Amino acid sequence: MLTRKQHELLMFIHERIKESGVSPSFDEMKEALDLASKSGIHRLITALEERGFLRRLPHRARALEVVKMPQQATAAAPPKGRAPFRPQVVEGVRMPDNAGMASDVRDIPILGKIAAGTPIEAIQHERDRMPIPEVMLGAGEHFILEVQGDSMIDAGILDGDHVIIKRGHTAHSGEIVVALVLGEEATLKRLRKKGASIALEPANKSYETRIFGPDQVQVQGKLVGLLRRYH
């Protein structure tokens, strides 16, 4: 699901490229979306890029390529009625022999997908539940998000993975967190504290680290586990 502004920007870029063969300038995009500054356009482009809708073409000015349209993303979604995700492999944890016993598992809510630009509503409403061995959890409240995008691939987090997040509002520098940025978008990134600033680092050299003031980033939880299904 795209936010309204993300959808508007993607359609504007698509139409402009179709008409002229050249992507619009940042000033044109800012004016078209009635935004106060170009920083908002940068955030929207980064979000669309990480979710696979846009691609920046290197060594060319004003070079954006539309990779897919929203209806293509909808068409690729799993059909209704499909059985809920059940991981066949859990990486990074050795399961005890009795891990599958009902007394040793906890049903954890699946709250949606996570990527830069994901609307915060997508991680507030439970859409399913998944039984997780207690050995992976420990104390505290947890939730599960499906990863969308490749911005954390060098940390071993791939598109389509499910991450287990321990809910909380604090994190140490270097930890991978779910962060709410500017009250508008949720993202999974490595948090770095740099003086009075907070950096959200991707684990993919194709993407840039984003720097924010301390009041612009709210930690929603920390990564504690990763689930992956092999097809």
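No experiment lies behind these values; they were computed from the predicted model shown. For this chain, numbers begin at 1 and follow the sequence in order.
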- So, does H162 use its side chain to make a donor-acceptor pair with the main chain of L227 at under 3.5 Å? no
- Does any non-hydrogen side-chain atom of M29 lie less than 4.5 Å from one of R16? no
- Message: For S25, is there any backbone N or O sitting under 3.5 Å from a side-chain donor or acceptor partner on E28?
- Response: yes
- May I ask you to test the I17-V22 pair for a side-chain heavy-atom distance under 4.5 Å? no
- Message: When you compare the side chain of L191 with that of E175, does any pair of heavy atoms fall below 4.5 Å?
- Response: no
- Is the side chain of D159 donor-acceptor paired with the backbone N or O of D150 at a distance under 3.5 Å, no angle test? no
- Message: Quick check on E208: does its CD atom have over 12 non-hydrogen neighbours (other residues, nucleotides or ligands) under 6.0 Å away?
- Response: no
- Between L188 and V147, does a side chain to side chain contact (heavy atoms under 4.5 Å, CB included) hold up when you go through it step by step? CA-CA 8 Å; L188 182 73; V147 176; 4.2 Å; yes
- Taking the side chain as C-beta and beyond, is there a heavy-atom pair between L137 and I164 under 4.5 Å? yes
- Message: Whether the side chain of R129 engages the backbone of D107 through a donor-acceptor N/O pair (distance < 3.5 Å, no angle test) should be reported.
- Response: yes
- Query: Hey, which of K222, R106, K166, R167 is the one that makes salt bridge (Lys or Arg N to Asp or Glu O under 4.0 Å) with E141?
  - Reply: R167
- If you measure from CZ on R4 to CG on L9, what distance do you get to the nearest 0.5 Å? 12.5 Å
- Please determine if E201 and K189 form a salt bridge, counting it only when a charged side-chain N lies under 4.0 Å from a carboxylate O. no
- Query: Minimum heavy-atom separation for R192 to S173, with atom names?
  - Reply: CA-OG, 3.5 Å
- Message: I'd like to check F212 versus L200 (side-chain heavy atoms, cut-off strictly below 4.5 Å). Are they in contact?
- Response: yes
- Item | Residue pair A196 / P214: nearest heavy atoms and the distance that separates them | O-CD, 2.8 Å
- Message: For the OH atom of Y207 and the CZ atom of R56, what is their distance to the nearest 0.5 Å?
- Response: 9.5 Å
- Query: V178 versus V219: any side-chain heavy-atom pair under 4.5 Å?
  - Reply: no
- Task: Could you list who else is in I211's hydrophobic cluster, with ILVMFWY side chains joined at under 4.5 Å, directly or through other members?
- Result: none
- List, by chain and number, the other hydrophobic cluster members for I153, where Ile, Leu, Val, Met, Phe, Trp and Tyr join if side-chain heavy atoms come within less than 4.5 Å, directly or indirectly. L158
- Task: Could you check H42 against R210 for side chain to side chain contact (heavy atoms under 4.5 Å, CB included), going step by step and ending with a plain yes or no?
- Result: CA-CA 10 Å; H42 280 283; R210 303 163 71 190; over 6 Å; no
- F143 to I108 - nearest heavy-atom pair and separation: CA-CG2, 3.6 Å
- Item | Heavy-atom check, side chain of P24 versus side chain of I13, under 4.5 Å | yes
- Query: Are L182 and I198 co-members of a hydrophobic cluster defined by side-chain heavy atoms under 4.5 Å apart?
  - Reply: yes
- Gap between atom CG of D161 and atom CG of L226 - 0.5 Å precision: 4.5 Å
- Item | Check: L33 main-chain N/O paired with K5 side-chain donor or acceptor under 3.5 Å | yes
- Message: Are I157 and I165 connected into the same hydrophobic cluster when the rule is that any two of I, L, V, M, F, W, Y join if their side-chain heavy atoms are below 4.5 Å apart?
- Response: yes
- Would you check if L145 and I110 make a side-chain contact, meaning some heavy-atom pair closer than 4.5 Å? no
- Message: To the closest 0.5 Å, what do you measure between CE (M152) and OG1 (T187)?
- Response: 8.5 Å
- Task: Please report the C-alpha distance between V105 and I132 in whole Å, then the side-chain angles of each, then the deciding distance to 0.1 Å, and finally whether the side chain to side chain contact (heavy atoms under 4.5 Å, CB included) criterion is met.
- Result: CA-CA 5 Å; V105 300; I132 301 297; over 6 Å; no
- Are L180 and V217 connected, step by step, through hydrophobic side chains (Ile, Leu, Val, Met, Phe, Trp, Tyr) whose heavy atoms are closer than 4.5 Å? no
- Query: Can you hop from F26 to L48 via hydrophobic side chains spaced under 4.5 Å?
  - Reply: yes
- Query: Which value, rounded to the nearest 0.5 Å, describes the distance between E49 atom CD and L54 atom CG?
  - Reply: 7.5 Å
- Task: Test side chain to side chain contact (heavy atoms under 4.5 Å, CB included) on L35 and L44 and set out the steps.
- Result: CA-CA 11 Å; L35 295 181; L44 291 171; 4.1 Å; yes
- Query: Could you state the interatomic distance from CZ (R190) to OG1 (T209), rounded to the nearest 0.5 Å?
  - Reply: 11.0 Å
- Can you establish whether the number of heavy atoms outside E31 located under 6.0 Å from its atom CD is more than 12? no
- Taking 4.0 angstrom as the limit, do E50 and R43 come out as a salt bridge? no
- Query: Honestly curious: do I114 and L111 fall in one hydrophobic cluster under the side-chain, below-4.5 Å linking rule?
  - Reply: yes
- Message: I'd like to know if the side chain of R55 reaches the main chain of V67, judged simply by a donor and an acceptor atom lying under 3.5 Å from each other, with no hydrogens or angles considered.
- Response: no
